[in-house]
There are 2 protein chains.
Amino acid sequence: MNNLASIESGLAELDMRAGATLTDRLFDALQRAIVEGEIPQGGKISEPELARRHGVSRSAVREAIARLEARKLVERKPNLGARVVVLSAEQLIEIFQLREALEGMAARLAAQAMSEAEIDALDALLAQHGRQIEQEQGQAYFQKQGDLDFHFRIVQGSQNRQLIGLLCDDLYHLLRMYRVQFGMRSKRCRQAFAEHQYLLSAIRARDPEMAELLMRQHVRASRRNLEQALG
Amino acid sequence: MNNLASIESGLAELDMRAGATLTDRLFDALQRAIVEGEIPQGGKISEPELARRHGVSRSAVREAIARLEARKLVERKPNLGARVVVLSAEQLIEIFQLREALEGMAARLAAQAMSEAEIDALDALLAQHGRQIEQEQGQAYFQKQGDLDFHFRIVQGSQNRQLIGLLCDDLYHLLRMYRVQFGMRSKRCRQAFAEHQYLLSAIRARDPEMAELLMRQHVRASRRNLEQALG
DNA sequence: TTCTCAAATTATGTCGACACTTTGGGTCTA
DNA sequence: TAGACCCAAAGTGTCGACATAATTTGAGAA
């Protein structure tokens, strides 16, 4: 048993999944705090403060911060410490250009590689989204969450581990952070829903070319929407 | 001045650029050692050994290893330590699928964003490659190196920082490692050279659509070549 | 000999301490 | 009052040490 870390109160909030090191749990907690906006954009990530708050040493905090940096959630400068990234409008646009390329490829591969069962599940997910939109109940949050879910599954369906890692481990966290911080509610959610359905049709038809085309147009439309909103 | 680290012999090989922390220099040295194949694929990255060899503490080594992990050059498992990644044939194929998507987008953006001067410089680079191929002197190494140079410049020309970071900071190091380790000499270097020229023409003509198409075909051809050689 | 299991050795995870850098505040001067 | 300078406080970079987990060694039994 470790000296005293495990009975410290600060760690109570952290999940205790087996085999996870202290740094792992710290990383999860910090990533959540950043993505959920508890630490604002540009906010300082202070090693001593976090160490105190969580009742651990600076070493563990430093390592967790290093992982956050690897995921582009914080930026670190020598002797100056780490701060939560600030996404400029330009960078957001650039990220959407990345998404267009990557998710386009993911859709192409998914059209070839997804199982019928996965496609059926995706169909069910879309049906649920449709109901939510009709009732206007889930609104922005659930719609955006649902949007990410949909894209998430397509990427998983590509069965390309590089793609999956890049998008699901890194980019999607950044996107979620951005969405929480900006509280952005898209006006084109009905349109987006329709585009999701077209895309699913192409995947069901096992048409990679069309799937990629539709996904790219879908992401591009989101980007244009964003450009207009941001200016 | 630091206690004694700076007069230790182990650090002599490390560059002393200003503002760089010990970890920075260690990271550079380790990355080079891995990419150049001095540490083989699957090789163990031992913290105590490296600390001894470079005359620094384990803390610095650990942080450098964390960065290597972020760049996908090593894999770390809790309580087991870090090992240089082993690229399976499948993963290599997956990486080329990534490249197809990313560099395709890069070419599209470069066709719009590159300056005339950059295009001229690229032209000069290609002319040089052409001479090297004629003389058959540079052979595999220089040809492959030249190939990466060409792609590198296109990516830079996209002026999309996300793309640049992803490809130039991460993926290209992985690729270089793979090439060094496999010592792979492509038989299609003349063909590749021709494809580079087509691509440059499309960029010069400011035709984004065509630039992306040509880049994707170029990368896809490399991938097919690879699949044949490996599969 | 070969297999098994426990002791010893080594490596990793985490901690606290110290040195150097940056920051913030206060003082002195023009 | 504004600005330069210095000093104290806080933060980061690096170190060595200890606790725990993994690995190796070697002794004994089948």
Side-chain angles (χ1 to χ4, degrees), chain A residues 1-12 14-30 39 42-70 74-84, chain B residues 1-12 14-30 39 42-70 74-84:
Chain A
M1 192 89 253
N2 206 339
N3 339 17
L4 56 126
S6 47
I7 58 173
E8 278 290 331
S9 60
L11 283 176
L14 303 177
D15 74 318
M16 290 297 176
R17 99 191 102 89
T21 179
L22 228 192
T23 298
D24 290 334
R25 303 201 292 266
L26 261 177
F27 169 72
D28 287 347
L30 287 178
I39 310 175
K44 182 108 209 316
I45 310 282
S46 164
E47 297 177 7
E49 184 200 327
L50 288 173
R52 271 194 305 277
R53 177 126 53 96
H54 294 264
V56 300
S57 81
R58 271 183 56 222
S59 308
V61 174
R62 270 179 79 82
E63 197 150 332
I65 292 178
R67 289 199 214 169
L68 292 174
E69 187 185 20
V74 310
E75 280 175 352
R76 225 165 52 154
K77 290 178 184 169
N79 294 317
L80 292 182
R83 296 185 166 279
V84 177
Chain B
M1 193 89 250
N2 206 340
N3 339 16
L4 55 127
S6 47
I7 58 172
E8 278 289 331
S9 60
L11 283 176
L14 304 177
D15 74 318
M16 289 297 177
R17 97 189 104 88
T21 180
L22 228 192
T23 298
D24 290 333
R25 303 201 292 265
L26 261 177
F27 169 71
D28 288 346
L30 286 178
I39 310 175
K44 181 115 207 323
I45 310 282
S46 164
E47 296 176 9
E49 184 200 326
L50 288 172
R52 271 194 306 276
R53 176 125 53 96
H54 293 261
V56 301
S57 81
R58 271 184 55 220
S59 308
V61 174
R62 271 179 78 83
E63 199 151 330
I65 291 178
R67 289 199 214 169
L68 292 173
E69 186 185 21
V74 310
E75 281 174 351
R76 223 164 58 155
K77 290 177 184 170
N79 294 319
L80 291 183
R83 295 185 166 278
V84 177

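Everything numeric in this text was worked out from a predicted model, so none of it was measured. Residue numbering restarts at 1 for every chain, and letters A, B, ... go by the order of the sequence lines. When reading the values below, keep in mind they use all heavy atoms of this one structure, side chains included, and skip hydrogens, waters and symmetry mates.
- Contact between the side-chain N/O atoms of T23(A) and the OP1/OP2 oxygens of dT14(C) is found at a separation under 4.0 Å.
- When each of dG13(D), dC15(D), dT12(C) is scored by its nearest atom to the side-chain atoms of R62(A), the top-ranked nucleotide is dG13(D).
- Between L26(A) atom CG and dG13(C) atom C1' the separation is 13 Å, expressed in whole Å.
- Going from atom NZ of K77(B) over to atom P of dT23(D) covers 11 Å, rounded to whole Å.
- The nearest whole Å value for the distance from the CD1 atom in I65(A) to the C1' atom in dG13(D) is 13 Å.
- Pairing each heavy atom of H54(B) with each of A29(B), the nearest pair is CE1-CB, 4.5 Å.
- In this structure, of dC15(D), dT14(C), dG11(D), it is dT14(C) that holds the atom nearest to the side chain of L22(A).
- Between the side chain of R58(B) and the base of dG13(C), at least one donor-acceptor pair of N or O atoms lies under 3.5 Å.
- Of the listed nucleotides (dC15(C), dG13(D), dG13(C)), dG13(C) has the atom at the smallest distance from the side chain of N79(B).
- Contact annotation: T21(A) does not reach the phosphate of dT12(C) (side-chain N/O to OP1 or OP2, under 4.0 Å).
- Atom NE2 of H54(A) is separated from atom C1' of dC15(C) by 17 Å (rounded to the nearest Å).
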In residues 74-84 of chain B, what donor-acceptor pairs under 3.5 Å come from side-chain atoms, sequence neighbours left out?
residue, atom, partner, partner atom, Å
R76(B), NH2, E63(A), OE2, 2.5
R83(B), NH1, G42(B), O, 2.9

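- Atom-to-atom, CD of E47(B) to P of dA21(D) comes out at 17 Å; the value is rounded to the nearest Å.
- Here the C1' atom of nucleotide dT12(C) and the CG atom of L80(B) are 9 Å apart, to the nearest Å.
- For the pair S57(B) and dC15(D), the criterion of a side-chain N or O lying under 4.0 Å from OP1 or OP2 is met.
- Of the inter-residue distances, the one linking D28(A) atom CG with R25(A) atom CZ reads 10.0 Å to the nearest 0.5 angstrom.
- The CZ atom of R52(B) sits 15 Å away from the C1' atom of dG16(D) (whole-angstrom rounding).
- Between S59(A) and A82(A), the residue anchored closer to the 5' end of DNA chain D is A82(A), taking for each the nucleotide with the nearest heavy atom.
- Counting only heavy atoms from C-beta on, K44(A) has its side chain closest to dG11(D) among dG11(D), dT14(C), dA22(D).
- Atom CZ in R76(A) sits about 9 Å away from atom C1' in dT12(D), given to the nearest Å.
- Scanning all heavy atoms of the two residues, the minimum distance from A64(B) to T23(B) falls at N-CG2, 3.6 Å.
- Looking at L50(B) and R53(B), their side chains come closer than 4.5 Å, going by heavy atoms from C-beta outward.
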